[in-house]
Amino acid sequence: MNLTEVQNVLNTMLSAEPSDGQKRNIVFWYDDDGEFQERISEIELKSAKLLTINNNSFYIKYLIEEEEPETNFLVYSPCSKPQPRDNFLIDILKYSKEFSADSTTVIMRDLKIDVSLRSVVKKYAVFFGNKDRYRKFASYGLTKYSEQIIDTAVLSALLKLPALDIEGVFKTVLIDGLLGEGKFITDIEKFGDMEAFWSLAGDIYGYTLKDKDIKLLAISMFLKHMSVTYRGSISENMAKFIGENISNAFVFIENFMNTPNYIMIAEMITDDIKLPSLIKDIETDSFIETDTFPIFDREIIRRLIENLTHKAGEFDKYIRQIKERRKSHFYKNYENEYSALYYAAKLLSLEQHYGKKIKGSTAIDLYELYKKEYYLFDTYYRKFILHYDRIQNLEEFTPLFMLIENTYINFFLSELSVKWESAVLGLQTQWSLPSEIPQQQFCKKIVSSYIDKGEKLFVVISDGLRYEVAKELCDVLNTEHKGIVNLDTMLGVLPSYTSLGMAALLPGEEISYSDSGEVLIDGMPTKSTEQRATVLKKKYPKSTCVSFDDIRTMSKEELRAVTVGQDLIYIYHNTIDGRGDNASTEKQVFEAVEDCIAELTKLVRKLKNDGNATNILITTDHGFIYRRTALNESDKTPKELISYLIAKRRFIMTADKKEIHGTSRYAMDYLMKDSSLEVVIPKGTNCYKVSGSGSNYVHGGASLQEIMIPVIRFKSDRSSSDKLKVKKVSVSLTSLTRKITSMITYLEFFQNEVVEEKWVPVRLKAYFSDEEGNRISNENIIIADSRSKEFADRTFKEKFTLKSGKYDKTKPYYLILADEEEKINEEVQKIKFNIDLIFNNDLGL
């Protein structure tokens, strides 16, 4: 409170010329309710001393009359003036002056509160009697008052909120009452008015229960929020908690969800209302949009695991449900669970689509089918394992994991390998496919097509980048870079291992082996980066080889120094094979794939921006097969005692003609003229029995995953044209009306473009705001990522719930569509609306 006026009046009284023959001024101030007790010491007296009555009347009388008979005094009592017969200082009072202050009037004048609200201000006399509380209230800078506004401001100040904030009041009280020590509630009871809090709870959030209990209030607000999207039945006992003013409670909970204490309170209420038993027999679609409590996510996940494990067959339904949950608040908390379920459903749906039978009879048929469709089995399995590994509690997922593992290994890998082995019987003497460029002709057929035209070329060789990973990398490059991205394939060399695959990507006339098993090109070694650079320069003098690890740390100037003047730059990258081919890290191979895609995407950007690259090829030495469970002993082929040049887990290279049961032989003279060497590979996806661990990640064989070599061609577009520029799809509001007449309204939206090539998904926040930008509704998430050509598949219907309040039908309000992924939430659209509610609830807040 501003004490300037009180101070001025007192100083005037105490400094006035004494009357009636007195030599000094003595002023008594009896403060009936002790309103100024805490602040009396702040008053600065210019010509008087302050004495406070506190069971010390004898001392005061002695001081005034004997010790300092000529001093001016202000005698303050925080109590009512006693009766004359009880007043020990009555004789002094008779020749002194009296002062009184009406603090309520002073407060109202200072804060410019209308006299009609006097009773409201007066009930907060104790609150305003403290300077810190008063200053906090005044700091809100209110210019408009009502009983609700004053109540809210007092509560906000007691709760130390930075601004007048009715939602903040209820959030703080709920957290304090349910999780804290109740300190704030005690302050409200002591210095404010708890009845005012409950009155606001009734007026704003429709709390009408007789019991004024914080937990019951929380239950009411949570159930109101739940009722907006929940389609199942509830008991009468729960229904009484819902009542009216649902929209305000809905918006409150939507905002409350973003606080760290929300989940603890939600879990507490879940137990109190026995929610698990309530939804036990309710159809999943009845609460698929409901996210009030995390239990809904856990129950949906539990049901999806159960249905998928039992192969219930409604895979499209499960995929739709998972996609619907992406918009729910707690999706991020369970993102790995949902993602694992999504890819499990996709894999099982694919198995169902093919009728558990791999189609295709010839090598060309199977090769092309894998490129177009079958690779998805590997992708879905990889993604399932990736997210499965990230789940904290795996016990619930174990049955589904076993099903996916069994489906992938015993159906897909097994069936595909049997079909493929039968189809390539004719290739055992001449390893080639008429439709495919052999890997060993990479330089002759592909690299030279750039160099011969005088075009500078960067070649990135990523060890272990199998076809399905390259397919995903293409999608990423297409959506992050302006340019053209194409994916071709080559037929990889046999055996499909690093030394031979890397050599095959170099130019030369003849591939051969040294006596120690080292791969040579025209008699030159090819193991190290430096040795490969020597081979490369023989054919292309203006060329160099460099490792990815060196390039990633180079500055722009350093990269230019390495590449300027060169026509051909080979870059060696080893993330997938680096982890997969190590027994201690092979379980991390799918995480390595994620890292690989991210690293290569950044590398392309660096080469474009810092290296001025226009043409970039990305390829590999070999692919790989990975399964999570260890091979059974029956899956391992005995390694016979025969002479060999090279022996690995997945192949033996030998000139020995001794037959090994359970293997296939491929002549090496397709690669080396007049060679007597053969590569002996275990049938299917089997390995040889060798000591040690590390048989889950393998390569060296003839499976499609190992020998289908991807070649990504990226050509940067530096023109001003937007044709090859990456663009996010747009979303339009298709609802014709621009007037809202109800607190809850539905609007329809349409994704204009299909997600493909240079059109990428967009994730939008959708909400209503007033002219000042204040949000007046809940927030919806629109995920526009449909690849469907069908209009119906690209239509979205969203529910908006307005906050209760006064809406002026003559003023504009706006539907905001903001890109959630933009750091500054860049507005995409701002659409004008009028709000003309049939029932307008004005609480004055």
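By the side-chain hydrogen bond (donor to acceptor under 3.5 Å, both in side chains) test, Tyr380 pairs with no residue at all, sequence neighbours left out. When the side-chain hydrogen bond (donor to acceptor under 3.5 Å, both in side chains) test is applied to Asp475, no partner is found at least two apart in sequence or on another chain. Taking Asn632 as the reference, Ser634, Asp635 meet the side chain to side chain contact (heavy atoms under 4.5 Å, CB included) condition, with sequence neighbours excluded. Residues meeting the salt bridge (charged side-chain N to carboxylate O under 4.0 Å, His left out) test with Glu306, sequence neighbours left out: Arg302. Under the rule for a side-chain hydrogen bond (donor to acceptor under 3.5 Å, both in side chains), Lys356 has no partner lying at least two apart in sequence or in another chain. For Lys215, the side chain to side chain contact (heavy atoms under 4.5 Å, CB included) partners at least two apart in sequence or on another chain are Leu178, Asp213, Ile219, Met268, Asp272. Judged as a salt bridge (charged side-chain N to carboxylate O under 4.0 Å, His left out), and not counting sequence neighbours, the contacts of Arg382 are Glu468, Glu472, Glu594. Residues that satisfy the side chain to side chain contact (heavy atoms under 4.5 Å, CB included) test with Thr737, not counting sequence neighbours, are Lys739. With sequence neighbours excluded, no residue satisfies side-chain hydrogen bond (donor to acceptor under 3.5 Å, both in side chains) with Glu415. Applying the side chain to side chain contact (heavy atoms under 4.5 Å, CB included) criterion to Asp793, with sequence neighbours excluded, gives Ser786, Ser788, Glu790.
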List the atom pairs, with distances to 0.1 Å, where a side-chain N or O of residues 391-404 and a protein N or O form a donor-acceptor pair under 3.5 Å, not counting sequence neighbours.
| from | atom 1 | to | atom 2 | distance (Å) |
| --- | --- | --- | --- | --- |
| Asn393 | OD1 | Glu395 | N | 3.4 |
| Thr398 | OG1 | Leu394 | O | 3.2 |
| Thr398 | OG1 | Glu395 | O | 3.2 |

Acceptor/donor pairs from residues 223-230 side chains to any protein atom, 3.5 angstrom cut, sequence neighbours excluded:
| from | atom 1 | to | atom 2 | distance (Å) |
| --- | --- | --- | --- | --- |
| Lys224 | NZ | Ile242 | O | 2.1 |
| Lys224 | NZ | Glu244 | O | 2.5 |
| His225 | ND1 | Thr292 | OG1 | 2.7 |
| His225 | NE2 | Glu254 | OE2 | 2.7 |
| Ser227 | OG | Lys224 | O | 2.6 |
| Thr229 | OG1 | Thr290 | OG1 | 3.0 |

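With Glu756 as the fixed residue, the salt bridge (Lys or Arg N to Asp or Glu O under 4.0 Å) test singles out one of Lys727, Lys789, Arg787: Lys789. Of the listed residues (Tyr626, Phe590, Phe624), just one forms a ring pair (Phe, Tyr, Trp, His ring centres under 6.0 Å) with Tyr697, and that residue is Phe624.
Taking the six-membered ring where tryptophan is involved, the planes of Tyr354 and Phe377 are tilted, since the angle between them lies from 30° to 60°.
A salt bridge does not link Arg320 to Glu324: none of the charged nitrogens lies less than 4.0 Å from a carboxylate oxygen. One finds no salt bridge joining Arg231 and Asp285 here, because no Lys/Arg side-chain nitrogen approaches an Asp/Glu carboxylate oxygen to under 4.0 Å. Taking the charged nitrogens against the carboxylate oxygens, Lys419 and Asp365 have no contact shorter than 4.0 Å, which rules out a salt bridge. Checked for salt-bridge contact, Asp378 and Lys471 miss the test: no charged N lies under 4.0 Å from a carboxylate O. Note on Arg628 versus Asp389: salt bridge recorded, some NZ/NE/NH1/NH2 to OD/OE distance being below 4.0 Å. Here Glu289 does not pair with Lys799 in a salt bridge; the nearest charged N to carboxylate O distance is not below 4.0 Å.
The environment of NZ in Lys371 is crowded: more than 12 heavy-atom neighbours from other residues, nucleotides or ligands sit within 6.0 Å. Within a 6.0 Å sphere centred on CD of Glu283, heavy atoms belonging to other residues, nucleotides or ligands number 12 at most. The neighbour count for Lys602 NZ, taken as heavy atoms of other residues, nucleotides or ligands under 6.0 Å away, does not exceed 12. Around the NZ atom of Lys323, the shell of radius 6.0 Å holds no more than 12 heavy atoms that belong to other residues, nucleotides or ligands. Shown here is Lys311, whose NZ atom has more than 12 heavy atoms of other residues, nucleotides or ligands within 6.0 Å.
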- Task: Decide yes or no on ring pair (Phe, Tyr, Trp, His ring centres under 6.0 Å) for Tyr262 and Phe222, but give the supporting numbers first.
- Result: CA-CA 11 Å; Tyr262 180 87; Phe222 275 68; 5.1 Å; yes
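Of all heavy-atom pairs spanning Arg390 and Glu591, the tightest one is NE-OE2, 2.8 Å.
Rounding to the nearest 0.5 Å places OG1 of Thr379 at 15.0 Å from CZ of Phe384. The distance from the OG atom of Ser735 to the CG atom of Leu815 is 9.5 Å, given to the nearest 0.5 Å. Here OH of Tyr318 is found 13.5 Å from CD1 of Ile300. Values are rounded to the nearest 0.5 Å.
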